[in-house]
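Below, chains carry the letters A, B, ... as their sequence lines are ordered, and counting in each starts from 1.
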Amino acid sequence: MTSVTAPPRRRRAGLRAVPKVVWLFLLIPALVEVGMVFWPAVNSFYLSLTEWNGLGAAQPVGLDNFKNLFADEIFRGALWNNVIWAVGFGGLSVLGGLALAVALNRPRRGVGLYRSAIYLPMVFSLAVTGLFWRVQYQPDGTINTLLGAIGLESVERQWLADPDTALYAVLIAAVWRQVGYVMVLYLAGLKSTDPTLDDAAAVDGAGAWQRFRFVTWPQLRGVNTVVFAVTVIDSLRTFDIVWAMTQGGPYHSSELLSTYMFQQGFTFLNLGYASAIAVVIFVLALIFIITYLVRATKEEIA
Amino acid sequence: MSTATLTPAPAKASSPPPAKPKRRRGWVFHAVMAPLTLLWVAPMVFVVVLAFRSFDDIAANGTAAWPVSFGLEGFREALGRGTMGRALWTSVQVTVPAVILSLLLASWAAYALARFHIPGRRAILLTMLAGNLLPPQILLIPVSRVMESLGIYDTLFALVTIHVGFGLGFYTFVLHGFMRSIPEELTEAARIDGAGPVQIYARIIMPLCRPSLAALGALATTWIFNDLIWAITVLRTEAKLPVTAALLNLQGGYVSNWNVVAAASVIAAVPTAIVFFTFQRHFVSGLLMGSNK
């Protein structure tokens with residue numbers, strides 16, 4: 001695409017004058033977004049420096065909220081859970097999605113059916129996914145019954161009510177939904193790889209793994225960046241599925257930053273403190289947002 | 001609530017597979033994939049079966065038992081006293097205007113940015129996209145305050161507004177990419193024939209954007225329909241909650257009535273599943289949009 005600074009003459013004619021109505025076309029959506037997104041975001045930064053219960057005026061307290069946060073064990077637990085979540089959720093869905101994309105890449109009989117089945121969960125809301133899995137996890141549910149059937153009664157437990165397993169139980173449900181999505185991304189990535197390279201490597205005697213590792217994988221770099229950024233942004237946003245399955249419990253064992261923020265803000269009305277948590281989430285997400293935007297810019301230019 | 005993505009658009013059509021028959025390895029492929037796929041759909045099948053079982057059957061034999069008696073009482077209860085029927089209608093009232101408004105406003109912004117020499121247009125575009133990538137948590141408290149000060153807190157209008165505002169950036173970005181790919185000659189010719197910017201938008205650009213509008217529409221519909229966090233942020237009255245939020249409330253009220261809970265989650269899942277099957281191709285291409293194709 002031609003650069004904006006030195007457009008060819010014909011384009012300049014079309015682009016130069018901006019009629020008033022076109023400014024309106026831009027301004028109306030931009031104002032809606034400023035009012036609903038940017039202005040609130042800026043406000044959160046301000047609120048994070050205050051103490052406020054929603055009534056009266058917010059009291060400025062400087063950085064107290066942040067100091068308290070790092071002394072707050074529940075917050076630190078939630079932060080650590082978020083790390084586990086990002087690694088587990090990201091790692092498992094990328095591994096699963098990539099493996100399935102490679103397996104289902106070449107057209108052959110049945111591939112369409114398999115693909116549809118695997119990305120179907122993606123259309124359900126996270127809350128629905130949560131309930132689907134709550135049913136499986138409950139004490140006399142499928143999971144315990146299956147474990148019992150193969151003689152593993154000792155492993156049976158109340159998956160969502162046990163602080164040792166709650167987070168992972170929710171994570172599995174979230175991965176189940178995400179794998180199809182990652183698979184779709186990788187399928188697109190694989191489609192844009194050059195099949196002749198793969199064939200050439202096969203002729204030269206490279207095995208399936210070698211061809212994947214040294215021929216296909218390097219060509220997926222662009223998709224990897226996107227998948228990586230998206231997965232981390234998604235894991236920092238994760239709220240619905242935890243809210244639907246455990247609400248962060250038992251004893252905050254499945255608490256994530258987002259659920260803790262929501263509780264502080266909307267249950268306890270500690271609006272300043274909750275805003276401080278939101279700011280932490282934002283700061284953590286920022287680098288990945290930038291990664292994504294850089295990638296988007298590249299595509300704009302391409 | 002998935003973050004949308006930008007990936008390279010798939011190449012035109014992958015070259016036809018090499019003509020070496022792999023019959024030998026075909027059955028291995030199916031032997032792995034068929035059970036895996038079954039395992040994948042098993043939770044859904046299980047919930048659907050559970051939804052149709054009777055309460056007595058579940059109470060007597062447990063949720064995981066082989067079903068012995070079927071009925072519609074789960075659905076009847078969920079739609080009636082469980083308020084899922086009302087919630088479905090609420091969701092429609094939110095989703096339809098929110099999707100239409102989002103795409104309309106986004107197409108305006110995209111048209112202005114793609115076709116006119118607006119200073120700093122790339123910065124504007126990326127800023128708008130960045131807004132969509134923000135974690136919603138940083139917006140929740142101020143958004144509920146903004147809605148209060150506008151006097152629309154606890155109304156469906158507020159929910160529509162925030163969906164439109166939050167989604168705009170992404171839709172604009174995608175549509176912008178698509179509009180840039182429409183040949184300049186087309187709009188130029190219309191301009192010479194005396195068409196104004198609004199006519200060019202309505203008569204040329206929008207009709208050509210139909211495929212990407214369809215894809216974005218399918219995507220936006222599922223996102224907005226599936227939303228939970230905005231609904232519980234800007235709504236307070238239980239009777240106004242859309243499907244997802246109502247589902248969670250219902251779960252609290254029917255703790256051991258698993259057939260009702262299962263029926264309610266099936267009810268909440270069916271509309272998006274229908275959108276998915278109807279627009280499957282659009283849906284997948286929607287997920288892949290944002291590229292310059």
Against chain A, label Trp258(B) side chain, backbone, both or neither, depending on which of its atoms sit under 4.5 Å from a heavy atom there. side chain
If one checks every heavy atom of Phe288(A) against chain B at 4.5 Å, the contacting part turns out to be neither
Measure Val21(A) against the heavy atoms of chain B and call it side chain, backbone, both or neither at under 4.5 Å. side chain
Looking at CG of Asp227(B) and CG of Leu126(A), how far apart are the two atoms once the value is rounded to the nearest 0.5 Å? 10.5 Å
Go through the atoms of Pro197(B) and report whether side chain, backbone, both or neither lie under 4.5 Å from a heavy atom of chain A. side chain
Inspect the surroundings of CZ in Phe228(A) and state if more than 12 heavy atoms from other residues, nucleotides or ligands are less than 6.0 Å away. no
Pick whichever of Ser107(B), Ala245(B), Gly131(B) has the most heavy-atom pairs under 4.5 Å with chain A. Gly131(B)
If I measure from the heavy atoms of chain A, does Ser102(B) come under 4.5 Å with its side chain, its backbone, both, or neither? neither
Is the Tyr201(B) to Phe25(A) ring centre distance short of 6.0 Å? yes
Are the side chains of Phe124(A) and Ser265(B) in contact, using a 4.5 Å heavy-atom criterion? no
Sort Phe45(A) into side chain, backbone, both or neither according to what part of it lies under 4.5 angstrom from a heavy atom of chain B. side chain
Give, for atom CE of Met36(A) and atom CG of Leu139(B), the distance between the pair rounded to the nearest 0.5 Å. 10.5 Å
As an exercise, state the distance from CZ of Phe282(A) to CD of Gln137(B), rounded to the nearest 0.5 Å. 12.5 Å
Can you tell me how far CG of Leu31(A) sits from CG of Leu168(B), rounded to the nearest 0.5 angstrom? 11.0 Å
Which region of Ser258(A), side chain (C-beta onward) or backbone (N, CA, C, O), has a non-hydrogen atom less than 4.5 Å from a non-hydrogen atom of chain B, or is it both or neither? both
Side chain, backbone, both or neither: which part of Ile138(B) has an atom under 4.5 Å from a heavy atom of chain A? both
Atom group of Leu131(A) that falls short of 4.5 Å from chain B, counting heavy atoms: side chain
At a 4.5 Å cut-off on heavy atoms, which part of Phe225(B) comes close to chain A: side chain, backbone, both, or neither? neither
Can you tell if the side chain of Val275(B) reaches within under 4.5 Å of the side chain of Val123(A), non-hydrogen atoms only? no
Using non-hydrogen atoms and a 4.5 Å limit, figure out which bit of Leu236(A) sits close to chain B: side chain, backbone, both or neither. backbone
Using non-hydrogen atoms only, which part of Leu190(A) is less than 4.5 Å away from chain B: side chain, backbone, both, or neither? neither
Between Trp40(B) and Tyr114(A), does the side chain to side chain contact (heavy atoms under 4.5 Å, CB included) criterion hold? Intermediate values first, please. CA-CA 10 Å; Trp40(B) 214 257; Tyr114(A) 295 143; over 6 Å; no
With a 4.5 angstrom heavy-atom cut-off, which part of Leu104(B) approaches chain A: side chain, backbone, both or neither? neither
Structural part of Ile28(A) lying under 4.5 Å from a heavy atom of chain B: side chain
For Leu38(B), which atoms come within 4.5 Å of any heavy atom of chain A: side chain, backbone, both, or neither? neither
Can you give me the closest heavy-atom contact between Pro142(B) and Pro40(A), atom names plus distance? CG-O, 3.2 Å
For residues Ile141(B) and Gly265(A), report the shortest heavy-atom separation together with the two atoms involved. CD1-CA, 4.2 Å
Under 4.5 Å from any heavy atom of chain B, what part of Phe132(A) do you find: side chain, backbone, both or neither? both
May I have the step-by-step check of side chain to side chain contact (heavy atoms under 4.5 Å, CB included) for Val47(B) and Gln136(A), ending in yes or no? CA-CA 9 Å; Val47(B) 172; Gln136(A) 325 288 333; 3.7 Å; yes
Heavy-atom closest contact (Arg237(A) atom, Leu134(B) atom, distance): NH2-O, 3.3 Å
Heavy-atom cut-off 4.5 Å, strictly under: side chain, backbone, both or neither for Val42(A) against chain B? neither
Given heavy-atom pairs under 4.5 angstrom as the criterion, report whether the side chain, backbone, both or neither of Phe166(B) touches chain A. both
I'd like to verify something: which residue of Leu247(B), Val270(B), Val143(B), Val41(B) has the highest number of heavy-atom pairs under 4.5 Å with chain A? Leu247(B)
Looking at chain A, which one of Val243(B), Val146(B), Thr127(B), Val261(B) has the largest number of heavy-atom pairs inside 4.5 Å, strictly under? Thr127(B)
Pick one of side chain, backbone, both or neither for Leu101(B), based on which atoms fall under 4.5 Å of a heavy atom in chain A. neither
Measure Ala264(B) against the heavy atoms of chain A and call it side chain, backbone, both or neither at under 4.5 Å. neither
Distance from Phe266(A) atom CZ to Leu140(B) atom CG, nearest 0.5 Å? 5.0 Å
Nearest heavy atoms of Gly165(B) and Val32(A), plus distance in Å: CA-CG1, 3.8 Å
Quick check for you: to the nearest 0.5 Å, what is the distance between Arg108(A) atom CZ and Phe29(B) atom CZ? 4.5 Å
Start with the C-alpha distance between Met33(B) and Leu100(A), add both sets of side-chain angles, then the distance that settles side chain to side chain contact (heavy atoms under 4.5 Å, CB included), and finish with yes or no. CA-CA 9 Å; Met33(B) 283 313 298; Leu100(A) 285 165; 3.8 Å; yes
Where on Ala285(A) is there a heavy atom nearer than 4.5 Å to chain B: the side chain, the backbone, both, or neither? side chain
Minimal heavy-atom distance between His117(B) and Val18(A), with the atoms involved, is O-CG2, 3.6 Å
For Leu133(B) and Ile233(A), the nearest pair of non-hydrogen atoms, with its separation, is O-CG2, 4.0 Å
Tell me, side chain or backbone of Thr225(A) under 4.5 Å from chain B's heavy atoms, or both, or neither? neither
